[in-house]
Amino acid sequence: MNGATGLPVIAVLCLLLTCSGCTSSDRMTQELAGERLVAVAYGDSNTQAWAPSGTGPFPTGWGVGREEQYLAILLRRADAAEDVRFEDLEPWPVEDPRSVRDDRVLVGDDLALVNAGVASATLRDVLALERATPFMSRARVLIVFCGTNDILQARTVAASMGDLREILDDAAGVGAVPIVCSVPPYNGSPEFVAAAGALNNAIRSECRRRGVAFVNLGRVLDKNRDEVNDFPLDGTDMLHFSAEGHEAIASAIPLEEAIAASTRGPEQ
């Protein structure tokens, strides 16, 4: 894993409406988070992840339970909490049929992590969400785990990187330190692997230029491959991760370093 330290509360991607003033989601976040550090995670279905079977765009529910998803693993590790409390965030600040609204705030003893993942989200969607989210003002670390759908929707590297640069600029503007994950190059298609490699090279270069933490998921997952199965950490569609995959992803995200390096309190 390549990484840089100095990160604030975590953020995962989703599609939120513009927040003017204090919305009910604002109040809900304040009530649930209290004095805890707030982490917000922006991403796609691998962040949303625990859609109950039959309720999301994929009937399998992507094969992982909420306790097995990488955000829950991160919270237990960084918070040293034996149990994670899952709270609903209602009303969800966007009317989107892809959204799963339950259990969106993961609450530990000293850390609260908002799961803002949305299935099929691109980096353009993440940018729109990040600019609308009521959580950003409290974020101390921003986790961005996205890009797969940019490739599936045939977006250019230039377009995706333009969105990522704006996300990183916005994070710098509010004092949030980002952690950016690479696109896992594992859907079995040579075209996808090539496109993921090109996008990841651009993401790595931008992170290096800014001194931002970059998590090379391809390297992490390669280390954890099963000798029998070439894609043991992915779902049967080669896009969604198993419980073992989520555990490997969580192991590579430097959340503790981000929290330790944070320079502003949760109420700033």
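Residue numbers run from 1 in the order of the sequence given.
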Would you call [X] and [Y] a side-chain contact if the rule is heavy atoms closer than 4.5 Å?
{"X": "Ile249", "Y": "Leu217", "answer": "yes"}
{"X": "Ser160", "Y": "Thr122", "answer": "no"}
{"X": "Pro184", "Y": "Val220", "answer": "no"}
{"X": "Ser182", "Y": "Ile203", "answer": "no"}
{"X": "Arg210", "Y": "Asp169", "answer": "yes"}
{"X": "Ile73", "Y": "Glu68", "answer": "no"}
{"X": "Arg155", "Y": "Asp163", "answer": "yes"}
{"X": "Glu256", "Y": "Ile259", "answer": "no"}

Residues Val157, Asn201; criterion side chain to side chain contact (heavy atoms under 4.5 Å, CB included); working and verdict: CA-CA 10 Å; Val157 171; Asn201 285 338; over 6 Å; no
Heavy-atom pair with the smallest gap, counting every atom of [X] and [Y]:
{"X": "Pro178", "Y": "Val212", "result": "O-CG1, 3.4 Å"}
{"X": "Asp44", "Y": "Ala121", "result": "CB-O, 3.8 Å"}
{"X": "Val180", "Y": "Cys207", "result": "CB-SG, 3.8 Å"}
{"X": "Gln48", "Y": "Val118", "result": "OE1-CA, 3.1 Å"}
{"X": "Leu127", "Y": "Asp170", "result": "CD1-OD2, 3.9 Å"}
{"X": "Val126", "Y": "Cys146", "result": "CG2-SG, 3.8 Å"}

Once you round to the nearest 0.5 Å, how far does [atom1] of [X] lie from [atom2] of [Y]?
{"X": "Phe192", "Y": "Leu152", "atom1": "CZ", "atom2": "CG", "value": "5.5 Å"}
{"X": "Leu255", "Y": "Leu113", "atom1": "CG", "atom2": "CG", "value": "7.0 Å"}
{"X": "Leu123", "Y": "Glu130", "atom1": "CG", "atom2": "CD", "value": "11.5 Å"}
{"X": "Asp125", "Y": "Gln153", "atom1": "CG", "atom2": "CD", "value": "7.0 Å"}
{"X": "Ile179", "Y": "Glu257", "atom1": "CD1", "atom2": "CD", "value": "8.0 Å"}

Full working for side chain to side chain contact (heavy atoms under 4.5 Å, CB included) between Asn115 and Gln69: CA-CA 11 Å; Asn115 180 338; Gln69 201 257 359; 4.2 Å; yes
Proximity of Phe145 and Tyr70 rings by center, below 6.0 Å: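 When the ring centroids of Phe145 and Tyr70 are compared, they turn out to be within the sub-6.0 Å range.
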Backbone N/O of [Y] and side chain of [X]: donor-acceptor pair under 3.5 Å:
{"X": "Asn46", "Y": "Phe241", "value": "yes"}
{"X": "Arg76", "Y": "Glu67", "value": "yes"}
{"X": "Asp110", "Y": "Asp79", "value": "no"}

Glu206 atom CD, over 12 foreign heavy atoms within 6.0 Å: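 More than 12 heavy atoms, drawn from other residues, nucleotides or ligands, come within 6.0 Å of this atom.
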Worked verdict on Leu142 versus Ile167 for side chain to side chain contact (heavy atoms under 4.5 Å, CB included): CA-CA 10 Å; Leu142 172 67; Ile167 293 167; 3.9 Å; yes
